[in-house]
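Since the structure comes first, as structure tokens, the remarks are kept for the end.
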Amino acid sequence: MKKSIKILSICIPALIMIVFLSSYVERSGNNVREKEQRPNIILFVADDHGVDALGSYGNPVIKTPNLDKLAAEGTRFTNAYCTSASCAASRSVLLTGKYGHATGSYGHVHDYHHFSTYDSIKSLPILLEKAGYLTARIGKYHVAPETVYHFQIVLEANPRSTFEMAEKCESVLNSDKPFFLYFCTDDPHRGGPFKPADWKTPNNFGNKPEGYPGVKTIVYDPKDVLVPDFMPDTQKSREEIAQYYQSISRIDQGFGKLMEMLKKSGKDKNTIVIYISDNGMAFPGAKTTVYEPGIKLPCIIKDPFESKKGTVNNALISWVDMTPTILNMAGVPITKNEFQGRSFEKIIGEEDPIGWDEINVSHTFHEITMYYPMRVVRKGNYKLIWNIAYPLEYPFASDLWDSSTWQAVYRNKSEFYGKRKTQDFLHHPQFELFDLKNDPNEVNNLATNAKYATILNELKVKIREFQTKTNDPWLIMWGDHDSSLQGSGTHL
């Protein structure tokens with residue numbers, strides 16, 4: 001009896017201590033993060049940067065040592081997607097966790113376009129501020145209204161000079177409060193004027209002969225660049241890609257400066273750093289399309305509380321998942337159905353997590369003159385695109401139309417633009433079904449192949465269910481004409 005009492009006197013206090021510790025900490029990957037030690041978060045967003053131009057994503061030509069170091073010390077996602085390959089529309093999704101068609105953010109917000117998010121939407125900076133975070137932004141904003149996307153601090157700097165931008169962030173990095181820094185460059189977006197005096201002149205992508213303060217200008221020879229398969233391999237395309245690379249190398253140096261300052265502040269051990277882009281490279285066939293070069297993007301996350309380093313994660317994630325993920329990281333409670341995305345915070349250190357094999361894409365406008373709604377589902381290796389306004393000619397963003405890359409094809413009446421026929425690029429069928437494993441360049445449309453009728457029908461149903469779940473106004477465009485859609489649960 002005495003022996004039993006002695007054992008209990010040892011075990012009970014130990015159990016109490018375990019319960020106490022369990023309530024005080026939370027798991028993040030394989031490490032332990034104290035709830036009271038809320039992490040700082042940096043969301044670094046490039047403008048029009050695809051997976052084609054990063055060393056860590058397999059490009060041996062481009063020089064991006066600082067971003068490659070981030071990948072070596074963190075997790076690199078291989079299947080990260082924006083939901084619309086258009087700057088403003090994509091950014092609204094990033095900061096709300098909801099698709100643009102559900103928030104009124106159908107396209108560009110600036111100038112005469114004037115798309116704007118509904119006043120009722122609660123954005124990421126608003127929610128983090130409410131949770132006690134200092135919120136700050138610098139660089140490209142491109143969302144509206146300000147009352148929905150309010151940041152406490154707005155820092156000013158040349159958005160083409162990431163080095164200067166980094167220097168202006170010193171006060172935020174040294175904040176006494178946990179901070180959320182939204183750091184958005186204008187690079188490597190095409191530089192103005194988009195329409196050159198001579199159509200043969202490559203766009204400068206923001207590069208200047210005199211360079212930028214604090215940045216070593218890295219110039220690339222057009223003959224050395226890698227031309228993606230979806231583009232024509234011409235002198236004009238190579239000249240423009242060389243300019244694109246130079247702009248990205250400038251981003252990399254500014255990112256390196258920001259990381260140097262973060263380390264100097266002593267906050268690097270408690271700061272989660274996320275590097276992404278809003279959409280793919282600013283070339284026809286990528287930006288504004290829902291083909292892979294437009295929507296499949298870099299996503300590198302360094303979480304100092306995650307013990308696994310240099311992880312390559314193959315999960316399909318989407319920018320609609322970013323807001324709930326960051327809120328999870330910050331320890332902010334999320335209610336069920338609050339967002340249309342889901343947090344991937346718990347799978348960051350994994351390689352092939354189960355249950356992450358499906359994403360949706362929703363594009364409606366780029367510029368207001370570019371109405372071309374498309375809805376997409378990717379399930380495993382199969383991807384279905386529904387071109388809702390398919391009788392229309394595919395519209396061009398003004399900067400892409402005026403590019404020397406496109407003009408060389410257009411003026412010469414070339415049959416092909418990359419691996420796709422020029423006419424097929426300009427005129428899309430209603431449905432495009434691709435097997436990305438066997439057809440990564442998306443040139444073999446299986447939608448009319450009877451062998452894939454079952455898969456086509458299943459994916460149509462998935463698109464329709466996605467639209468129903470997310471209150472998509474374009475759901476009505478199905479009508480009742482497609483009798484093949486069985487089991488969608490939608491009645492119009």
Side-chain angles (χ1 to χ4, degrees), residues 45-50 53 84-91 107-115 137-144 154-165 168 183-213 215 217-220 222 225 231 236-254 277-289 294 365-370 395-411:
V45 185
D47 195 356
D48 301 356
H49 185 190
S84 176
S86 175
C87 305
S90 180
R91 290 164 193 268
H108 277 358
V109 304
H110 64 345
D111 298 336
Y112 56 86
H113 309 294
H114 207 58
F115 289 110
R137 67 175 175 88
I138 187 169
K140 189 164 185 173
Y141 190 40
H142 217 8
V143 286
V154 179
L155 302 168
E156 299 292 340
N158 181 350
R160 288 288 186 180
S161 179
T162 46
F163 194 93
E164 178 190 336
M165 290 172 68
K168 293 295 179 69
F183 191 109
C184 301
T185 75
D186 272 8
D187 291 322
H189 193 287
R190 285 178 176 270
F194 299 138
K195 188 172 185 177
D198 182 351
W199 73 267
K200 302 183 187 70
T201 303
N203 187 270
N204 61 22
F205 285 82
N207 303 313
K208 299 189 300 185
E210 67 273 23
Y212 290 83
V215 175
T217 300
I218 299 176
V219 178
Y220 294 88
V225 304
M231 288 176 58
K236 297 307 169 196
S237 65
R238 286 180 169 274
E239 288 172 353
E240 291 210 303
I241 293 172
Q243 294 288 328
Y244 168 66
Y245 280 15
Q246 183 176 330
S247 187
I248 292 167
S249 285
R250 188 166 59 254
I251 293 176
D252 184 79
Q253 291 179 63
S277 172
D278 58 358
N279 49 250
M281 64 193 299
F283 287 82
K287 182 178 178 178
T288 76
T289 78
F365 287 91
H366 180 62
E367 300 164 26
I368 198 168
T369 53
M370 292 180 62
F396 263 88
S398 54
D399 56 335
L400 305 189
W401 174 264
D402 289 326
S403 68
S404 59
T405 296
W406 173 255
Q407 287 296 316
V409 170
Y410 176 72
R411 289 168 182 266

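Below, all heavy atoms of this structure are taken into account, side chains as well, without hydrogens, waters or symmetry copies.
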Determine the interplanar angle of the W401 and F396 rings, folded into 0 to 90°, and report it as parallel if under 30°, tilted if 30 to 60°, perpendicular if over 60°.
perpendicular
Locate the shortest heavy-atom distance separating N204 from Q243; write the atom from each residue and the value.
O-OE1, 3.3 Å
For the side chain of N279 and the backbone of C87, is there at least one donor-acceptor N/O pair under 3.5 Å apart?
yes
At their closest point, which heavy atom of A85 faces which heavy atom of G294, and how far apart are they?
CB-O, 3.3 Å
Give a yes-or-no answer on whether the side chains of D278 and S90 include a donor-acceptor pair shorter than 3.5 Å.
no
I want to check something: taking the side chain as every heavy atom from C-beta on, are M165 and F183 in contact at a cut-off of under 4.5 Å?
yes
Please say whether more than 12 non-hydrogen atoms of neighbouring residues, nucleotides or ligands are located less than 6.0 Å from NZ in K208.
yes
Return the NE2 to CG distance between H189 and D399, rounded to the nearest 0.5 Å.
5.0 Å
What distance separates M281 CE from Y245 OH, expressed to the nearest 0.5 Å?
7.5 Å
For H110, I'd like to know if atom NE2 has over 12 heavy atoms of other residues, nucleotides or ligands within 6.0 Å.
yes
When rounded to the nearest 0.5 angstrom, what distance separates CG in D47 from CZ in F205?
11.0 Å
Reported CD1-to-OG distance for the pair I251 and S277, which is rounded to 0.5 angstrom
8.0 Å
When you measure from the side chain of K140 to the backbone of C184, do you find a donor-acceptor pair of N or O atoms at a distance under 3.5 Å?
no
Search all heavy atoms of S86 against all heavy atoms of H366 and return the closest pair with its distance.
OG-ND1, 2.6 Å
Would you call the rings of Y244 and F283 parallel, tilted or perpendicular, where under 30° means parallel and over 60° means perpendicular?
perpendicular
Show the numbers, then the answer: is there a side chain to side chain contact (heavy atoms under 4.5 Å, CB included) between T185 and H49?
CA-CA 11 Å; T185 75; H49 185 190; over 6 Å; no
Indicate the ring-plane relationship of Y410 and W406, choosing parallel, tilted or perpendicular according to the 30° and 60° boundaries.
parallel
Residue pair A397 / T288: nearest heavy atoms and the distance that separates them
CB-CG2, 4.1 Å
Answer with yes or no whether the side chains of E367 and S398 bring together a donor and an acceptor at under 3.5 Å.
yes
Any chance you could measure D186, atom CG, to N158, atom CG, to the nearest 0.5 Å?
8.0 Å
A408 versus K236, closest heavy-atom pair with distance:
CB-CG, 4.0 Å
Has R250 got a side-chain atom pairing as donor or acceptor with R160's backbone, closer than 3.5 angstrom?
yes
What is the minimum heavy-atom distance between A88 and G107, and which atoms define it?
CB-O, 3.7 Å
Donor-acceptor pair, side chain of D187 and main chain of I248, under 3.5 angstrom
no
Do Q246 and T217 touch side chain to side chain, with heavy atoms closer than 4.5 Å?
yes
Measure the spacing between OG of S404 and CZ of R411 and express it to the nearest 0.5 Å.
10.5 Å
Hey, is D402 close enough to R190 for a salt bridge, meaning N to O under 4.0 Å?
no
Answer with yes or no after comparing the ring centroid distance for F115 and F365 against a 6.0 Å cut-off, counting only values under it.
yes
Side-chain donor or acceptor of D111 paired with backbone N/O of H113 under 3.5 Å
no
